[in-house]
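Every chain is numbered from 1 and lettered A, B, ... according to where its sequence line falls, protein lines coming before strand lines.
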Amino acid sequence: MNGILVILVLLALGYAFGSGAERRHYKSILEREEALRRVMVFSARVPPDLHRWRESRLVSGSVCVSADYFKAFVAGLRGLVGGRVTSYEGLLDRARREAVLRMKEEAQRLGPCKIFNVKIETASISKGGENALGTVEVLAYGTAVAD
Amino acid sequence: MVEYRNPRLPEGINNSARRPLREFVWLTAGVLGLLAAGLTALGLAARWVAPRIPFDYEVGLAAPFVAALREEAGPIEPRIEVYLQGLADRLAPAMGMGPDMPVRVYYSAEGTVNALATLGGHLVVYRGLIERMDSENALAMVMGHEIAHVLHRDPTVSLGRGAAMAVALCALTGVSSNDIAKQVIGEAGLLTSLSFSRTQEKQADSAGLRGLAAVYGHAAGALDLYRTLGGEAASTARLHMDFLDTHPDPGRRIQAIEAEARANGWALNAAPTPLPDWLPEALAASRARLGADWRDSGASAPE
């Protein structure tokens with residue numbers, strides 16, 4: 001009985017803090033994406049008209065995001081029955097976008113620029129931990145070229 | 001110079017979790033529902049299988065734990081144990097137990113107000129319970145109830161259900177560790193913590209009552225168990241009423257027993273057979289011995 005109570009409290013805390021954090025994070029992501037619209041990112045390996053760029057350098061942005069107890073619990077249930085693990089979708093979506101934003105912020109210091117050959121890597125850093133919540137690191141990197 | 005555009009993409013492409021709470025409720029309800037249905041099916045299966053398992057096999061399963069059970073019961077009190085065994089030996093045939101299902105009774109000097117039946121026809125009767133019985137009939141009712149569990153193979157059902165559930169949970173959670181299964185199957189502690197369903201308890205009451213009436217010719221003392229314990233539990237909250245914990249709702253039980261006794265014409269108000277004169281003294285002596293042995297650990301009831 002006590003165990004169930006503890007789980008319920010953890011779920012409530014996880015939901016309250018987790019959804020609050022997610023809402024704030026999305027708000028910040030949307031604002032910064034708008035602010036950094038001018039820094040464009042491309043997956044093409046080589047920029048066109050290669051010789052007109054003044055400067056090029058490696059830029060990267062990485063972020064670690066952890067799921068809350070509520071998300072992990074729902075994902076665990078989902079693991080029993082299968083289907084889309086929607087509770088982790090937001091987590092990964094935010095992590096990818098945050099990583100790209102941080103990369104763009106670094107690139108912007110070069111002045112007006114574009115980023116080519118952008119790659120995104122995802123790693124789970126809670127692997128193997130028995131009761132660990134899902135924590136992911138997302139790294140975005142590319143070649144920033146400035147006029 | 002190439003022209004690039006940076007269109008605004010719609011939100012929610014990669015994040016479809018719009019209603020996390022609803023998903024949580026559905027998932028929890030669904031998984032719990034399936035789990036409950038599966039476990040109920042397993043429980044029913046255990047109930048169907050248990051009576052078909054030879055009693056010999058059950059005795060064999062219990063054999064490794066008998067020594068532990070003996071040790072848990074504390075110092076042996078031959079006189080009390082012989083008396084209790086005699087009572088069981090009179091009740092068991094009257095309840096339809098064949099010679100192929102022998103019942104073995106152990107006496108424990110601990111103050112816990114309880115009696116229990118476990119795998120292999122082993123019964124444990126605690127001093128705390130005997131001290132609260134006013135007559136031999138009342139004691140016989142408790143023992144008849146416990147013997148009925150053995151007769152109905154309730155410990156096997158309970159163990160089988162536990163084992164089936166442990167296997168199911170292991171399979172479901174993918175836990176390869178034997179922890180759960182070990183707890184259910186391998187630990188000696190389990191023998192004294194088997195729990196039975198309300199239906200099983202009700203049937204045990206009924207069979208115990210039949211045994212009581214067959215041995216004494218009337219049903220006097222049949223209600224003492226729940227009446228005494230129920231009344232006492234209401235007045236002293238501190239007492240460890242283990243028997244009532246595992247046998248809830250004494251009021252309804254009293255009614256059911258009364259109804260059955262009336263229907264069969266078993267008198268509830270006949271003169272009961274008293275407990276032997278030497279018993280209270282022997283109980284007190286056993287308690288003293290237990291205290292000397294174990295310094296009255298916290299395991300016994302505060303008195």
Side-chain angles (χ1 to χ4, degrees), chain A residues 4 7-8 11-12 14-16 18-19 22-23 25-27 29-30 33-34 36-42 44 47-50 52-53 67-97 104 114-116 130 147, chain B residues 1-42 162 165-184 193 195 242 244-246 248:
Chain A
I4 294 175
I7 289 177
L8 285 177
L11 280 174
Y15 182 71
S19 58
E22 180 151 314
R23 211 171 29 247
H25 194 192
Y26 262 123
K27 190 162 170 272
I29 285 174
L30 290 172
E33 277 179 350
E34 196 55 40
L36 290 163
R37 275 180 66 75
R38 295 177 61 82
V39 183
M40 292 196 219
V41 295
F42 302 86
D49 39 28
L50 195 58
R52 65 173 276 269
W53 306 100
D68 53 73
Y69 191 84
F70 179 82
K71 285 195 180 68
F73 190 86
V74 173
L77 289 178
R78 191 44 96 181
L80 294 176
V81 294
R84 288 178 72 167
V85 190
T86 53
S87 74
Y88 278 171
E89 283 179 356
L91 186 77
L92 284 159
D93 185 41
R94 282 188 290 135
R96 274 190 305 269
R97 290 163 77 169
K104 284 183 172 185
K114 297 180 169 56
I115 310 173
F116 284 88
E130 257 202 17
D147 288 308
Chain B
M1 176 76 200
V2 194
E3 272 304 312
Y4 297 109
R5 284 183 306 118
N6 190 10
R8 285 184 178 81
L9 299 173
E11 279 298 308
I13 292 175
N14 291 321
N15 179 10
S16 57
R18 292 290 129 229
R19 293 196 179 94
L21 272 183
R22 202 164 93 164
E23 190 189 2
F24 167 71
V25 169
W26 271 111
L27 274 176
T28 311
V31 168
L32 286 183
L34 281 177
L35 206 64
L39 294 185
T40 309
L42 281 173
M165 286 183 188
V167 172
L169 286 179
C170 281
L172 205 64
T173 55
V175 178
S176 60
S177 77
N178 306 317
D179 290 356
I180 312 172
K182 214 189 283 169
Q183 250 178 9
V184 175
S193 62
S195 63
D242 288 0
L244 284 185
D245 288 347
T246 48

Heavy-atom pairs under 4.5 Å with chain A, option from Leu34(B), Asn14(B), Thr28(B) with the top count:
Asn14(B)
Quick check on Arg37(A): does its CZ atom have over 12 non-hydrogen neighbours (other residues, nucleotides or ligands) under 6.0 Å away?
yes
Give, for atom OG1 of Thr86(A) and atom CG of Leu27(B), the distance between the pair rounded to the nearest 0.5 Å.
8.0 Å
Hey, what do you get for CD (Glu11(B)) to CD1 (Ile29(A)), rounding to the nearest 0.5 Å?
8.5 Å
Which atoms of Leu11(A) come close to chain B, meaning under 4.5 Å heavy atom to heavy atom: side chain ones, backbone ones, both, or neither?
side chain
Applying a strict 4.5 Å limit to non-hydrogen atoms, the region of Leu92(A) in contact with chain B is neither
With ring centroids as reference points, do Tyr15(A) and Phe24(B) lie under 6.0 angstrom apart?
no
Decide salt bridge (Lys or Arg N to Asp or Glu O under 4.0 Å) for Glu34(A) and Arg8(B); before the verdict, give the C-alpha distance in whole Å, the side-chain angles of both, and the deciding distance to 0.1 Å.
CA-CA 9 Å; Glu34(A) 196 55 40; Arg8(B) 285 184 178 81; 2.3 Å; yes
When the side chains of residues 70-83 of chain A are checked against the rest of the protein, which donor-acceptor pairs come out under 3.5 Å, sequence neighbours left out?
unit_1   : atom_1 : unit_2   : atom_2 : d
Lys71(A) : NZ     : Glu22(A) : OE1    : 3.3
Lys71(A) : NZ     : Asp68(A) : OD2    : 2.9
Arg78(A) : NE     : Arg84(A) : O      : 3.2
Arg78(A) : NE     : Glu23(B) : OE2    : 3.4
Arg78(A) : NH1    : Gly82(A) : O      : 3.0
Arg78(A) : NH2    : Glu23(B) : OE2    : 3.1

